[in-house]
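Step one of this worksheet: look at the structure below.
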Amino acid sequence: MREKGGDVNDSEDMFLKLTAHIKEALLNLSSSKLRSALALLGILVGTASVVAMVSGGQLATNEALKQFKTLGTDLLAVSINDVPNDDQTSHSEESLTLQQVMAVTQTEGQIRDVAPYTQLYNPIQYNGHTLNGAVLGVTENFAKIVHVNVVRGRFISSLDRYSPFCVVGHQLYEQMKAISFVDPLGKQIQVGSDFFTIVGVADAWPDNSFVYANIDSAILVPILASTALSKYAEINNFIVQLVPNANIDMITHHLQQAVQHYVPNKRLYVRSAKELITSMGKQSKILTVFLGLIGSISLIVGGIGVMNIMLVSVVERRREIGIRLAVGARRVDIRSLFLIEAVMLSLVGGISGVVVGIVIEYIIAFLWHWEFMWFFWPPVIGFSVSVAIGIFFGFYPAHQASQLDPIEALRSD
Amino acid sequence: MSALISLENITKTYVTGESEFHALKGVDFQLQSGEMVAIMGSSGSGKSTLMNIMGFLDHCTTGRYCFSGRDVSRLKDDELAAIRNQKVGFVFQSFFLLPRLNALQNVMLPLFYRGEEESSAKLKALNILEKVGVRDFITHKPNQLSGGQQQRVAIARALVGNPEVIFADEPTGSLDSKTSHDVMQLLIDLNQQEQRTIVIITHDKEISFMCPRVVTMKDGCVA
Ligand SMILES: Nc1ncnc2c1ncn2[C@@H]1O[C@H](COP(=O)(O)OP(=O)(O)O)[C@@H](O)[C@H]1O
Ligand SMILES: [Mg+2]
């Protein structure tokens, strides 16, 4: 019974002393405002950079993963490449025809749709000017699968077959307008020696990881027309849209077999949305850790600032320490006095750093036109690391203070 | 009746680099409870050194120190802190009040380190401040007080923990003669009316005449 009562009293004492220590610490800190503010600033900047960097990295990851929200996670990007060969000269002439691609992907019932495309880099002439851009040969469903929106005119249709029609990307369209000062829609564009009539204009197209070309700076022509344009227009890529929960491994295997059947010298390379998401997730983790570390370095610098200021404070307040020792402060009391001051500095610095960090995150989101999000962990981590830093870097000065000899401390001025 | 303080052959040697300095060379001294003693002696004779040892601020190099019949020559830091907190009170020449705290907070400090509750500490401090005559200045910071008032606050701080002995190292050394006299009168009243045990270091002959017992130090020895 007795012992228990004692325990309660002890912890009450501790609490009383702690609150008194905190009051004192705040008083002492506020009596040297500029210096405290500078130490606080160091912690603030460190915490803010941890919070802003980690949150910013997280935003970037979210942004990168966003494409899958619109595109869906049921896509496969299939490329057919030459088998690397010692014999440099033997570029295999054969490639899949459109029918073969359709045949390869018609089977199974796991594939909902397929969009093969060709890529050419022939010079594009408009109104006597040469434009930089790719020529993509596409089918009608390309627009739907990779989300190309036509803002004016129409997209390539399956009826177009070999017809010389084209849809121009957003950026090229702007360039053409700047060249001719008239609406390019309905005008003609020259690719090599062939002329194409512009039948549609695509909207700005968010980059995605499935199409290797940038549609903003490309013209889209019917896939058959593109194969007629040049012998280099090979159907080396197609994007496959799967039914939900399709067995990706099985389909990959099937495609491999089927393509091998037609073009034995080529190799199939398949990337799935799921695979991309996992690898992005991995990269994001590395990025987050890396950014967090960079932030932590500035936090450590802030901690050294706190230590420096506490050391100066200990030297300046030797007399005070002596007085406190003379009236009966124990070494642990002196240590707490200074440790709590350091922790108060980093506590206040940490809280304001979290706020500033979130503001910076908001500004990043605003400048890059990213969607702002609240994250739980970056503030928590930033804040707790800053307090830990305060304790770590405050401990040495506080220990120094507590080891002073009462007489020597009193004698100093 | 055993003495409150009993020193036997106390020495204190300061070592600075190669050289040694013997500040106390075998001091024997007894102090009874309720006594008021003045320690006189020229500057450098070891008065402060002796007082610091008696007041648990410093260790003696050799010798035996008994306080209330208990050998306290070799106590640990925390035990010393507890004794300083509860058994002794200090008054210094230059007051040594904490500049950031007001008079009341300064007086409450020893009670704070004792873990006493704020409300009761405040009550005690106010009583003592009343007694030493600075009740009207409790919210003043030290730099807003005169020297005499500061020393009264310091005396209140020394008294507040109800110690068994008060050590005053040249308490009037920074005061003019009128204020010195008032402060001395306060200490004498404390001795005569409350039987407080008080040790005063002083240069001033006149002040030593006010004390019932005078001890003179010379060259590290009690003469
Ligand atoms: N920390 C120290 N290191 C070296 N010498 C000291 C130290 N403290 C005091 N002394 C010396 O011890 C002697 C006695 O000092 P003190 O007790 O302060 O004399 P006083 O009688 O004037 O109070 C002086 O000569 C002083 O120089
Ligand atoms: Mg002295």
Side-chain angles (χ1 to χ4, degrees), chain A residues 6-33 35-36 313 316-338 340-341 399 401-413, chain B residues 12 14 23 48-49 51-53 55-59 76-102 105-122 141-142 154 156-161 163 167 169:
Chain A
D7 278 359
V8 169
N9 269 340
D10 270 5
S11 60
E12 252 174 39
D13 277 5
M14 289 274 286
F15 181 73
L16 276 175
K17 269 199 176 172
L18 187 67
T19 49
H21 272 316
I22 289 173
K23 265 192 224 156
E24 273 223 76
L26 292 176
L27 189 74
N28 290 330
L29 292 174
S30 65
S31 68
S32 47
K33 285 193 184 62
R35 196 193 294 164
S36 306
S313 171
E316 277 189 354
R317 288 160 64 190
R318 285 164 66 102
R319 166 75 59 83
E320 173 189 337
I321 295 165
I323 294 170
R324 287 176 185 276
L325 288 170
V327 301
R330 291 166 301 160
R331 301 219 176 276
V332 60
D333 292 321
I334 301 296
R335 184 162 35 202
S336 332
L337 179 72
F338 284 89
I340 287 172
E341 278 189 38
H399 183 72
S402 75
Q403 293 308 304
L404 281 180
D405 178 66
I407 294 297
E408 263 175 46
L410 280 174
R411 206 177 278 141
S412 54
D413 40 18
Chain B
K12 178 71 184 182
Y14 292 111
S48 296
T49 306
M51 178 173 276
N52 292 337
I53 289 170
F56 305 96
L57 284 171
D58 209 350
H59 293 276
K76 290 198 202 85
D77 281 345
D78 277 2
E79 293 171 306
L80 290 177
I83 293 183
R84 281 199 296 270
N85 185 241
Q86 298 180 6
K87 308 285 189 193
V88 305
F90 280 101
V91 180
F92 299 97
Q93 177 177 357
S94 37
F95 324 130
F96 285 173
L97 298 172
L98 292 188
R100 281 188 282 266
L101 304 186
N102 65 29
Q105 291 166 327
N106 264 290
V107 175
M108 286 167 67
L109 199 62
L111 300 178
F112 163 66
Y113 284 120
R114 204 179 276 195
E116 188 151 336
E117 222 173 283
E118 193 171 340
S119 54
S120 85
K122 197 168 180 173
K141 296 275 173 68
R157 183 180 63 189
L159 280 172
V160 76
F167 294 106
D169 191 344

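All chains are named by letter (A, B, ...) in the order of the sequence lines, taking the proteins before the strands, and each is independently numbered beginning at 1.
- Ranked by heavy-atom pairs under 4.5 Å with chain A, the list B:Asp58, B:Leu98, B:Asp78 is led by B:Leu98.
- Heavy atoms of A:Leu325 lying under 4.5 Å from chain B belong to its backbone as well as its side chain.
- When all heavy atoms of A:Gly328 and B:Tyr113 are compared, the closest pair comes out as O-CB, 4.0 Å.
- Looking at B:Phe56, neither its backbone nor its side chain comes within 4.5 Å of chain A, counting heavy atoms on both sides.
- For chain A, the nearby part of B:Phe90 is the side chain; its heavy atoms alone come within less than 4.5 Å.
- The nearest pair of heavy atoms linking B:Arg84 to A:Pro406 is NH1-CG, 4.3 Å.
- The two atoms that bring A:Ala329 and B:Ala81 nearest to each other are O-CB, 3.6 Å, heavy atoms only.
- Heavy-atom distances place no part of B:Leu80 under 4.5 Å from chain A, backbone and side chain included.
- Heavy-atom pairs under 4.5 Å with chain B were tallied for A:Glu24, A:Arg324, A:Arg330, A:Arg317; the largest tally goes to A:Arg324.
- In plain terms, the two heavy atoms of A:Ser31 and B:Arg100 that are nearest each other are OG-CD, 3.0 Å.
- Rounded to the nearest 0.5 Å, atoms OG (B:Ser48) and CZ (A:Arg411) are 8.5 Å apart.
- Note: B:Leu101 CG to A:Asn28 CG = 7.5 Å, rounded to the nearest 0.5 Å.
- Under the 4.5 Å side-chain criterion, counting only non-hydrogen atoms from C-beta, A:Leu410 is in contact with B:Leu57.
- Residues A:Thr19 and B:Glu118 are not in side-chain contact: their nearest non-hydrogen atoms beyond the backbone lie 4.5 Å or more apart.
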